[in-house]
Amino acid sequence: MSQSQQQVFRLKAGGRIDRSRTLSFTFNGQHYQGHPGDTLASALLANGVDIVNRSFKYSRPRGIVAAGAEEPNAIVQLGRAEAAQVPNVRATQQALFDGLAACSTNGWPNVQRDLMGLVGKLGGRFMPPGFYYKTFMAPASMWLTYEKYIRKAAGLGRSPMEADPDSYDHLHQHCDVLVIGAGAAGLSAALAAARGGARVMVADEQEEMGGSLLGSRETLDGTSADQWVARVLEELAGCENVTLLPRTTANGYHDHNFVTLHERRTEHLGETAPVVNGRRPVRSRMHRVRAGQVILATGAHERPLVYAGNDAPGNLLASAVSTYIRRYGVVPGRQLVLSTSNDDGYRAALDWKEAGCEVVAVVDARDAPAGDWVDAARAQGIKIITGSAVIEAKGSNRVTAARVAKIDIEAFKVSSPVQELACDTIASSGGYSPVIHLASHTGARPTWRDDILGFVPGLVKGVHACGGANGTYALGDVLAEGVEAGIKAAAATGHAAPTVNPPSVERLQQGPAVALFQVPHEKPSLRGPKQFVDLQNDVTAAGIELATREGFESIEHIKRYTAMGFGTDQGKLGNINGMAIAARCLNRSIPEVGTTVFRPNYTPVTFGAIVGRHCRDLFDPERYTALHQWHVERGAEFEDVGQWKRPWYYPQKVNGKTETMHEAVARECLAVREKVGILDASTLGKIDIQGPDAREFLARIYTNKWEKLAVGKCRYGLMCKDDGMVTDDGVTSCLAENHFLMTTTTGGAAAILEWLELWHQTEWPELDVYFSSVTDHWATMTITGPESRKLLAEMTDIDLDRDSFKFMEWRAGKVAGVPARVYRISFTGELTFEINVQANYAMHVWQTLFKHGEKYGLTPYGTETMHVLRAEKGFIIVGQETDGSVTPEDLGMQWCVGYDKPFSWIGKRALTRSDTKRENRKQLVGLRPKDPTVVLEEGAQIVFDPKHAIPMPMAGHVTSSYYSPILDSGFALAVVKGGLKKMGETVYLPMADGQVHEAEIVSTIFYDPKGERQNV
Amino acid sequence: MSNAVTFDTRTDTAIPVESPLAFSYRQSGAPRAGSSSRVQLRERAMLGHLILRGGAIVLDEAVRDVLGISLPGKPQALVQDTSGERSIQWLSPDEWLVIVPGGEEFPLETQLRERLGNSHYAISDVSGGQTALEITGEAARELLMKAVIYDVHPSNFPVGKGVTTVFAKATTILRRPSEERWELVVRRSFADYCYRWLLDAAAEYSVNVEQ
Amino acid sequence: MFYIYCPYCGEHREEEEFHPKGQAHIERPKDPEACSDEEWGNYLFFRNNPRGVHHEMWVHAVGCRKFFNVTRHTVSYEILETYKMGEQPSITADSQKQPREPAAVSHQEGVRA
């Protein structure tokens, strides 16, 4: 088959395509050809492909309607390889490349012979709006099952099942003026702003900048419109202060002029980014733009007319017909009937005629149309039928005829006998709707204008709308408005207004348009053939009418009931018609009914571009200590604590078998209790506190007393919020009279520093004190166990004698030749030394400890062992034993509360509130399972009476639970109502599997209750 | 003296040290791209970093006497001595970052404390807790635009400016000590993340890492 | 994504650098022990939620780490001013009543799903 035979609807000349090169592609497995410059849609039309999809709900055959972002039908699945699958691509926006493979997302077994269509035909009557709500409501548990099949039938495309080979990224942009849309208005605005010296960005969603000027009949400054575009683009490209972004959609407009631009960098080149110099360039990029001023030059979408059968292939927008002819050299049919309510529509008939095809008739809803284009059509001998409209399209797989009659718009009825005109294409124009989507994202409410029969955008601070987006359509006015917006925006960002004269254009005479949103039919809407309003979501005029009859009055509710303007469509073609129909049914005006809120994204954005580089191993920061490599090499399993990677446990190989976590933790626990273990505790937050009022500050922020802590001493402290609930804990050491080092929990470090600053900056600025984070400066190595003193003594000049370096003291000296601060504090209950050195020396000190430690059985342990050991001692972990509803008294930690401190410290007052004083609060206790082999589940609910009828009163829950190797028994910490007065009593833990565990309430201290081991 | 304790955490003896990026070089490598490279990375490791807190008036004189450069009073200002080896950066109205050659930080702290006497201020040594990454090359600015939310356009980010801002999902100090040099000061625990992020984002510019 | 002028840095900075800290000008009672439970509860838990001009405290967390106040319109999200800790706002709901009802920002009533 030769190329010309294949592309039977391609014109011999004209358009912006390169006929010297041929591109091959497939659609639904069929091979076709097109040219560089084509979109997938224009190439399909050139090849005479009528049916591109089946509709969402009724499974009706659908064809291409539009030529841009507003296309509701030609939404395809792209990709040959599994990894390159992209759903939701509009064929009208996808540039053709060699080897492109696309298929329809709807239709089974295929779009030509669709079995679902039968259901649609039968189901039409049975699938009114709200069908899903009404039909699939009960039982609720079945919804997931229903949804699976509904989605499959609806065919919303699918995501790839293999990893994406491409990369994506973000670019943080800042500019004075962001121009969105590079048509006549946008280019004029950009030029004016750029000449004024502003930093300008221009984003345009199409393959080429120029917008409607690329297919315009008009001339600017005596040259063709596309020549003017080329000149302007050349000037802009030469400006250092201008960034031009073609193939870039402004998909979201957020607060304070923050706009996200989705730039498709390689989507026009292949289904994956082509390899250049052995590397794949970034496939698509999200520009996150903070703009001083935003100019919305997004143009307008033509409104189709709503008539019966308006969804069959062959029904197109009048402007799309012009665009396909003039820009792509494709006539999408042979015999045209044009139905219009305005002069603009006539352009399609003129272009069709000039392309050498037959214009059967122009059907104009106005009684006496008059204007330059109407005259031109008459001069071409085109038949014009006035006061009439196409009331119905015949044909299902392709238009075969137009039924035309006189209509009475006021009375909403057909007022003459119907004549049938044979044709294969019906173009319709109901006027234009400004593209107000982006402005709508900001929350600004659009304003209805009767003179243009459309909504114009509401504007927040720093945004300008011009041209079609502002309801201005005459080219001369559009250009002037663009220049004005550019000058204003540049001036608002401090750039002098340049003199820019808009190009001169011929002023056309145009007659007024008539408001026509739904074309009447001989039968009432609810009984007649379907008149589609929203083609993507299969919403009909009858559906909207029914919704209003069922009592829906708010347009937002009608939207949700009918699905009008849902999903990726966001009401681009149908919304205004739909609102107008709702207004008529409710007997209200359009502004009274108002519009729904359009939301981001304007068109679908691939997840890759949203995620950018924040994926795989860069998904989230991983914080490492200075000893991380050692842990990795030792085979540690890691636990996430905040963003830190902490060794969880170190499984060893025993007899060729790797230990389980349980085995490793048991071994590590016993090593600490019997010999010596070592923990990397570098992640603890450390805050350097200096100033004469440091001590006073600590007394206000901690629950306990600090006035007598001497230099060289350490103290455990508890912090509450002012509601009396525990929020953090840690040891703070007195380094000098005016100098303290506070430690915080690993996860709380940043928040606690902010907390200290909050009180200092807002309530107590008179206190002379400063806080600085030194968390990362120090590496902390905890050696703990009966042998720890002997080990440390081998490598330090610090006197470790039990009487000269007591428990809860710190000393400075050298460890392994490195300056170190050593703290004698303990979180295990064993004799413990925390060695702190500058992090750059940490690896040396750690390795030296192991050199000396081998003979003592030095064993590295992780966070799991740390948890077991501290729980055996009844030491709390904030965030595990506490959850923001636990006071120091609930924890039985009155010993850590300075009730008589002079200043009413943070949290104190709340401890005497009626609720915090209440009897029966949940209190921290130990639980000993009656069966020692049982390890209770953390989070398990506790009850006093397991025989109580359901719902059982809950008495508390398990906060921590482990197996203790030293006790050879399970044990737990729990909060239990009035628990401190229930020592020795039995509680019950009913589990999901029907088992009920019994446990005895005991002290929280399971091991070494007198605390002798840490004091040796 | 302000009754705070000082502590020299460095030692003269030949003890091996590991900069924050030592792990990263071993784990992720250090690509060499030679002359085709459009962006270069280099860690300025083991420098002396001090956080200075106090009133500008109190600190300014002492800093000028001891360090020979005046305390930047304007927000986001970065000043350096003529060699470029010593710098002070405004971090907040009462907070500055001082970076000096490694080993100078302790004598500097001692001298400042002597000079400042009993006035209210604080000095914290954070030399082990952060490191400086130098970025140069024609693609340096575009690379920064990928990672940093702050506007790095020369009209907004001239030489002699420094800010604390967001780098990818971490925090960084970004400074511009000279026309062609940018510097990131990152916390030790985030250094590997930042390094991997930079390698990934700079791959398209044939990044060259100088060790 | 707000663009917030930090009164200490003297620049507009991206929202990602800031943390919101709730309603501004909530003062801790000078003598908490003298407060009734109700007064203390009001201090702890009760906050305004106006439609319109609102004063909030923010902190420039990734930046100068200073707390400051923001006067923000809760419908338009427009930031009317920012001011340092200890200062009073020059724009309040009362001062706003006459001159500048923010234009074209009223929301559609109804669901926002």
Side-chain angles (χ1 to χ4, degrees), chain A residues 167 169-174 199 279 281-282 288 290 612-614 617-618 620-626 628-629 632 643-644 682-683 688-692 711 735-739 768-779 812 814 816-819 821 837-844, chain B residues 2-5 7-11 13 15-20 22-23 26-27 45-46 49 51 53-54 94-95 120-130 142 144-153 155-156 168-170 187-194 196-197 200-201 203-204 206:
Chain A
S167 66
D169 74 1
H170 296 165
L171 217 49
H172 301 277
Q173 299 271 16
H174 303 258
R199 276 167 76 187
R279 193 168 279 132
V282 166
R288 299 160 59 86
R290 180 68 69 180
R613 219 166 278 284
H614 302 294
D617 60 336
L618 295 175
D620 205 41
E622 289 181 4
R623 297 179 70 181
Y624 299 147
T625 73
H628 190 72
Q629 178 143 13
V632 172
Q643 289 171 323
W644 289 97
S682 307
T683 61
D688 193 38
I689 304 177
Q690 299 179 30
V711 176
L735 302 180
E737 189 47 39
N738 294 345
H739 194 174
D768 280 343
V769 59
Y770 287 114
F771 317 95
S772 292
S773 169
V774 290
T775 301
D776 286 38
H777 177 63
W778 298 101
K814 283 196 172 179
V818 176
R821 282 192 182 133
V837 297
Q838 206 224 61
N840 293 332
Y841 293 108
M843 192 63 94
H844 165 75
Chain B
S2 60
N3 214 343
V5 70
F7 189 51
D8 189 356
T9 57
R10 274 181 212 258
T11 172
T13 47
I15 281 175
V17 290
E18 293 220 332
S19 85
F23 167 76
R26 289 189 291 258
Q27 201 73 12
M46 310 308 291
H49 298 243
I51 295 291
R53 301 208 58 179
D94 58 4
E95 185 172 2
H120 173 47
Y121 66 94
I123 305 173
S124 301
D125 180 4
V126 292
S127 307
Q130 50 195 39
E142 192 174 292
L144 287 170
M145 285 169 73
K146 292 186 178 188
V148 176
I149 59 171
Y150 191 79
D151 183 7
V152 291
H153 191 271
S155 65
N156 186 61
K169 290 187 186 173
R187 286 178 69 172
R188 173 182 254 284
S189 55
F190 286 100
D192 183 71
Y193 167 76
C194 293
R196 283 187 288 115
W197 215 99
D200 191 63
E204 67 172 298
S206 303

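In the text below, chain A, chain B and the rest are named by the order of the sequence lines, each starting its count at 1. Computed from a predicted structure; not experimentally measured. What's counted below: heavy atoms across the whole structure, side chains too, no hydrogens, waters or symmetry copies.
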For the [atom1] atom of [X] and the [atom2] atom of [Y], what is their distance to the nearest 0.5 Å?
X	Y	atom1	atom2	value
Y193(B)	D617(A)	OH	CG	10.0 Å
Y770(A)	I51(B)	OH	CD1	13.0 Å
H844(A)	E18(B)	NE2	CD	11.5 Å

Residues that D169(A) engages under side-chain hydrogen bond (donor to acceptor under 3.5 Å, both in side chains), provided they are two or more places apart: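 Per chain and number, D169(A) pairs via side-chain hydrogen bond (donor to acceptor under 3.5 Å, both in side chains) with R285(A), R613(A), K146(B).
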Under 4.5 Å from any heavy atom of chain B - which part of [X]:
X	result
V818(A)	both
R290(A)	neither
P281(A)	neither
V769(A)	backbone
A816(A)	backbone
T683(A)	neither

Interchain contact, [X] with chain A, by part (heavy-atom threshold 4.5 Å):
X	value
A191(B)	neither
D125(B)	both
R26(B)	side chain

Heavy-atom check, side chain of E622(A) versus side chain of D192(B), under 4.5 Å: no
Between H172(A) and L144(B), is there a side-chain heavy-atom distance shorter than 4.5 Å?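 Side-chain contact under 4.5 Å: no.
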Say whether N840(A) and R188(B), considering side chains only, have a donor N or O and an acceptor N or O under 3.5 Å apart.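 There is such a pair between these side chains.
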Main chain of F7(B), side chain of R821(A): is a donor-acceptor contact present, judged purely on distance under 3.5 Å? no
Within the side chain of Y624(A), is there an N or O that forms a donor-acceptor pair under 3.5 Å with the backbone of P20(B)?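 Pair absent, no side-chain N/O of Y624(A) close to backbone of P20(B).
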Measuring centre to centre across the rings, with the benzene-like ring taken for any Trp, is H174(A) within less than 6.0 Å of Y150(B)? no
Between the side chains of R53(B) and D688(A), is the shortest nitrogen-to-carboxylate-oxygen separation below 4.0 Å, so that they form an ion pair?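 Salt bridge: no.
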From CA spacing to verdict: side chain to side chain contact (heavy atoms under 4.5 Å, CB included), T9(B), Y841(A): CA-CA 9 Å; T9(B) 57; Y841(A) 293 108; 5.7 Å; no
Yes or no on side chain to side chain contact (heavy atoms under 4.5 Å, CB included) for K169(B) and L618(A), after CA distance, side-chain angles and deciding distance? CA-CA 9 Å; K169(B) 290 187 186 173; L618(A) 295 175; over 6 Å; no
